[in-house]
Amino acid sequence: MTKRTGDGVDKTLRNLFHKKETPKSAFVLLLLIYALSAVLTTMSSRIRGQVVLFDIPFEYSSLTGVFSLLSNTCAICLVMLFHKVGYITAMILVCSSFPMMFINVFIRQNYRNIPGFFNGLMVIVAITIIFLGNRKIVDYQNSLRKQAVTDRLTGLPNRLACSELMDDLIRRNVRFALVSADINNFKSINDTMGHDTGNLVLQAIAGRWKSLADSDATGTNEFVARITGDEFMFIINDYQTEAEVEDTIRIFKSELEKKITIDDCDYYMTACFGYSLCPEDTDVLENIFTFTDAALHEAKKSGSGSMVLRFTPDVLNSERDLEIERKIRKALTDGNIFYNLQPQYDMEHRLIGFEALARMKDHDGTLISPTEFIPVAEKTGLVEQIDMHVFERAVEFMGNFVTASGQNYTMSVNVSVRHLMKNSFLDDIRRILNKYGVPPELIEIEITESIMIDSAEKALQRIEELKKMGMKIAIDDFGTGYSSLSYLTNFPSDMLKIDKSFIDKMNQSEVSRQYVAMIVSIGHTLNLKVISEGVESPDQVDILKSVGCDYIQGFVWGRPLSPKEAGELVRAQTSI
Ligand code: C2E
Ligand code: MG
Ligand code: MG
């Protein structure tokens with residue numbers, strides 16, 4: 001760490017290992033006070049007469065003790081605050097008055113100086129005791145501080161040191177890269193050769209990387225730390241371009257890949273590296289760690305042995321996706337996937353049915369939005385289980401409440417195209433409908449417009465089979481997917497669901513209102529019913545009535561309800 005901008009890094013490390021130093025100005029101030037009080041001590045001891053302070057007459061000589069006490073205090077403060085330097089300075093200051101006092105007492109036989117002489121001796125004893133006691137405490141504090149920022153196994157700085165250094169670099173506006181390195185298959189060395197050998201390998205790697213960082217071989221400035229187990233971090237600064245950062249990482253990578261021999265056995269190590277740049281990627285300390293870790297995990301996921309990857313926001317998404325995926329799997333096994341039913345009404349505010357909406361509870365009971373977990377479930381194939389669970393429960397609800405009520409309420413269920421295309425889809429649906437004795441005519445399958453367009457060809461046949469069974473089809477989030485009229489004409493749907501984003505803008509501009517009116521009229525021309533989603537205010541209801549919309553679903557008339565609440569709503573309608 002003694003290269004080009006080594007001074008900055010070294011200073012930070014010094015600060016890490018040692019307590020913050022008292023400013024030099026305090027040293028100068030103490031010297032000045034000492035010198036002044038020493039002069040005043042001498043003067044006051046020689047001047048005869050009185051001084052009046054606060055109406056009280058004082059002999060000048062009686063102030064001698066006060067000034068002498070002040071100079072003693074300065075000497076003690078010097079030792080306390082500046083340790084060795086302070087002690088030597090205080091000793092020089094105190095001892096410098098001894099020759100004069102010696103001459104006065106023993107040659108000029110001026111015995112008035114004897115108390116000053118003994119005072120000086122006592123100060124020397126006092127500051128020596130303080131210095132020796134203080135040194136023990138300082139040494140102990142330094143060793144504690146050193147332990148706190150050092151990794152015991154390798155002697156390298158640890159994560160705390162890393163974050164202190166980065167904090168300092170950020171404050172000084174120095175750009176840097178944080179690199180995280182994870183040794184591949186390290187666990188297998190521990191498992192097959194034992195932990196002692198594993199430790200020796202880690203020490204060998206640490207030694208190599210430390211020597212490399214201390215040399216001038218890379219052209220950049222590096223700081224190496226061990227974080228945990230087989231994970232190391234580098235802070236690289238003093239670079240002009242990102243290519244230089246990558247070059248440095250590759251030099252570290254090849255240094256690692258050289259043979260390591262322990263107890264006559266050769267080991268060939270590789271590692272994955274992830275990095276992020278400050279301030280280009282972020283200048284928030286915690287985010288730098290998160291981004292770098294995310295890049296490292298992505299690099300590890302690639303499975304190509306050793307890999308160097310820079311952070312991109314996509315990487316973070318996939319990290320979050322992984323977390324959500326884990327949560328979905330857990331929720332599926334713990335029975336934390338459930339459903340709500342949002343009522344749908346005609347324009348006279350009469351209930352016509354419900355939309356079943358999936359809900360997911362995290363392990364701590366908090367809800368995770370479907371807008372977050374459904375896209376991940378779609379990517380990972382878990383959506384089939386969610387769809388099927390919601391479908392079965394919603395059909396069960398129909399069997400329990402709706403068919404018994406004699407009303408022809410419709411149950412709309414969201415189905416992802418991925419699920420729709422599964423061979424077992426139709427059989428599963430038939431089985432569930434039979435199980436609860438619910439006629440297919442009461443079920444409406446919602447398929448999102450944008451997804452539908454991408455997979456139209458393949459899905460069309462499946463949808464026609466659903467239609468043949470008697471089910472209804474709704475195109476969800478209509479207006480967001482740029483579907484063409486010819487596509488709509490050929491598509492065997494029964495309902496258009498106007499997306500909330502259009503309803504939101506309706507009371508803001510005439511153009512948006514016209515747009516909604518146009519969708520309604522296209523729907524009617526094609527013989528489809530039209531429902532507006534996300535209707536929140538009575539004004540919007542009025543506009544929708546005026547443009548001839550058929551149905552409404554939104555907070556204005558009903559939020560998503562628990563099955564129990566929805567059952568009560570059905571019962572209340574039946575008893576009207
Ligand atoms: P969606 O199918 O378009 O469902 C309508 C969404 O709009 C629901 O959000 C509903 O709670 C919300 N909403 C309805 N009225 C209002 C309103 O007046 N104001 C506001 N602010 N929001 C309103 P939710 O439940 O968060 O679901 C989001 C999306 O997740 C759904 O959009 C659907 O695409 C998907 N989803 C939900 N459940 C399932 C499921 O079981 N399977 C599949 N594949 N997707 C589902
Ligand atoms: Mg829907
Ligand atoms: Mg929708």
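The structure presented is a predicted model; accordingly, all values stated were derived computationally and were not measured. Remember, it's 1-based here, ligands and their atoms both numbered in the order they're listed.
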Of all the atoms in ligand 1, which lie at a distance below 4.0 Å from a heavy atom belonging to V535? 18 (O)

Under 2.8 Å from the Mg ion (ligand 2), how many protein N, O or S atoms can be found? 4

Taking everything shown except K529 itself, do over 12 heavy atoms lie less than 6.0 Å from its NZ? no

With Y339 as reference, evaluate P560, S562, P563 under the side chain to side chain contact (heavy atoms under 4.5 Å, CB included) test and give the passing residue. P563

Looking at D334, I'd like to know if its CG atom is crowded, meaning that more than 12 non-hydrogen atoms belonging to other residues, nucleotides or ligands lie closer than 6.0 Å. yes

What part of T448, side chain from CB on, backbone N/CA/C/O, both or neither, has a heavy atom under 4.0 Å from ligand 1? neither

Proximity flag K497 to ligand 1, non-hydrogen atoms under 4.0 Å: no

Relative to atom 35 (C) of ligand 1, which among I337, I374, V556, D387 owns the nearest non-hydrogen atom? I374

Using modelled atom types only, decide if a donor and an acceptor are shared between the side chain of N184 and the backbone of M269 within a distance under 3.5 Å. no

Heavy atoms only: which of E446, Q342, M360, E533 is nearest to atom 3 (O) of ligand 1? E533

Part of N340 with heavy atoms under 4.0 Å of ligand 1, whether side chain, backbone, both or neither: neither

Within the 4.0 Å heavy-atom shell around A358, which atoms of ligand 1 are there? 37 (C), 38 (N), 39 (C), 40 (C), 41 (O)

Suppose I only count heavy atoms of P560 and a 4.0 Å limit; which atoms of ligand 1 are within that range? 11 (O)

What residue and heavy atom of the protein are closest to atom 16 (C) of ligand 1, and at what distance? F555 CE2, 3.2 Å

Ligand 1 to L357, heavy atom cutoff 4.0 Å, flagged ligand atoms 4 (O), 8 (C), 10 (C), 11 (O), 25 (O), 37 (C), 38 (N)

The one among E384, R559, E536 that brings a heavy atom closest to atom 19 (N) of ligand 1: E536

Is atom 45 (N) of ligand 1 near the protein, in the sense that some protein heavy atom lies at less than 4.0 Å from it? yes

Return the residue, atom name and 0.1 Å-rounded distance of the protein heavy atom closest to atom 26 (O) of ligand 1. P370 CG, 3.4 Å

Atom indices of ligand 1, in the order listed, that fall short of 4.0 Å to a heavy atom of V390: 41 (O)

Side chain, backbone, both or neither: which applies to K500 and ligand 1 if a contact is any heavy-atom pair less than 4.0 Å apart? side chain

